[in-house]
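Here's the structure, in structure tokens; my notes come after.
Computed from heavy atoms alone, side chains included, the values below leave out hydrogens, waters and symmetry copies.
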Amino acid sequence: QVQLVESGGGLVQAGGSLRLSCAASGRTFSNYDMGWFRQAPGKEREFVAAISWSGGSTVYRDSVMGRFTISRDNAKNSVYLQMNSLKPEDTAVYYCAADQRISPNVATIAYWGQGTQVTVSS
């Protein structure tokens with residue numbers, strides 16, 4: 001199985017940047033799609049971005065396209081989310097996720113990290 005631990009969250013002003021990191025453990029890490037989801041208070045968890053096991057394919061929700069970049073380094077067992085031009089509506093707990101075939105449906109995700117808080121002030 002895969003264990004995931006996120007880090008890098010914090011408080012930034014609108015227009016600022018943060019880089020989230022997800023450290024993974026498990027011998028099968030390289031065979032998993034990876035993704036980022038987020039959940040604001042009182043709202044459902046939502047898909048943010050995903051990257052294929054090889055790193056050759058990425059997908060983003062429309063509201064973050066052009067601002068966020070997902071990447072992975074399989075040699076370091078890590079996945080990252082570079083967030084630029086942050087907006088107050090990006091405020092949420094961000095979760096790292098892993099699955100054989102990742103999808104936007106949170107109910108089907110095999111593995112989750114514990115989450116890291118991102119707060120964007122206006």
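- For E46, the side-chain contact (heavy atoms from CB on, under 4.5 Å) test picks out R38, R61, with sequence neighbours left out.
- The closest donor-acceptor contact from the side chain of N77 to the backbone of S25 lies at 3.5 Å or more, if one exists at all.
- Put simply, the residue from E6, R45, Q117, Q114 that forms a side-chain contact (heavy atoms from CB on, under 4.5 Å) with V93 is Q117.
- In this structure, S21 has no side-chain hydrogen bond (donor to acceptor under 3.5 Å, both in side chains) partners at least two apart in sequence or on a different chain.
- Sorted by first and then second residue, the ring-ring contact (aromatic ring centres under 6.0 Å, His included) pairs with a member in residues 93-122 read Y32-Y111, F37-W112; sequence neighbours excluded.
- Between the side chain of Y80 and the backbone N or O of D73, no donor-acceptor pair lies under 3.5 Å.
- With sequence neighbours excluded, the residues satisfying side-chain contact (heavy atoms from CB on, under 4.5 Å) with A14 are P88, V120.
- The side-chain hydrogen bond (donor to acceptor under 3.5 Å, both in side chains) search around Q3 returns none, not counting sequence neighbours.
- Considering only residues two or more places apart in sequence or on other chains, A40 meets the side-chain contact (heavy atoms from CB on, under 4.5 Å) condition with K43, A92.
- Every residue meeting the side-chain contact (heavy atoms from CB on, under 4.5 Å) condition with S52, not counting sequence neighbours, appears here in chain and number order: D33, S54, S57.
- Closest non-hydrogen pair, S17 versus N84, comes out as OG-OD1, 2.9 Å.
- Note on residues 83-122: pairs passing disulfide (SG to SG under 2.5 Å), not counting sequence neighbours, are C22-C96.
- Among pairs with a residue in residues 53-84, none fulfils disulfide (SG to SG under 2.5 Å), at least two apart in sequence or across chains.
- Partners of S7 by side-chain hydrogen bond (donor to acceptor under 3.5 Å, both in side chains), not counting sequence neighbours: none found.
- Under the disulfide (SG to SG under 2.5 Å) criterion, no residue pair touches residues 54-89, with sequence neighbours excluded.
- Side-chain contact between M83 and V64: absent, with no pair of heavy atoms (C-beta onward) separated by less than 4.5 Å.
- Taking 4.5 Å as the limit, every side-chain heavy atom of F47 sits out of range of all side-chain heavy atoms of V106.
- Residues passing the salt bridge (charged side-chain N to carboxylate O under 4.0 Å, His left out) test with R67, sequence neighbours excluded: D90.
- With V118 as the fixed residue, the side-chain contact (heavy atoms from CB on, under 4.5 Å) test singles out one of L18, T91, L81: L18.
- Considering all non-hydrogen atoms of both residues, W53 and N74 come closest at O-ND2, 3.2 Å.
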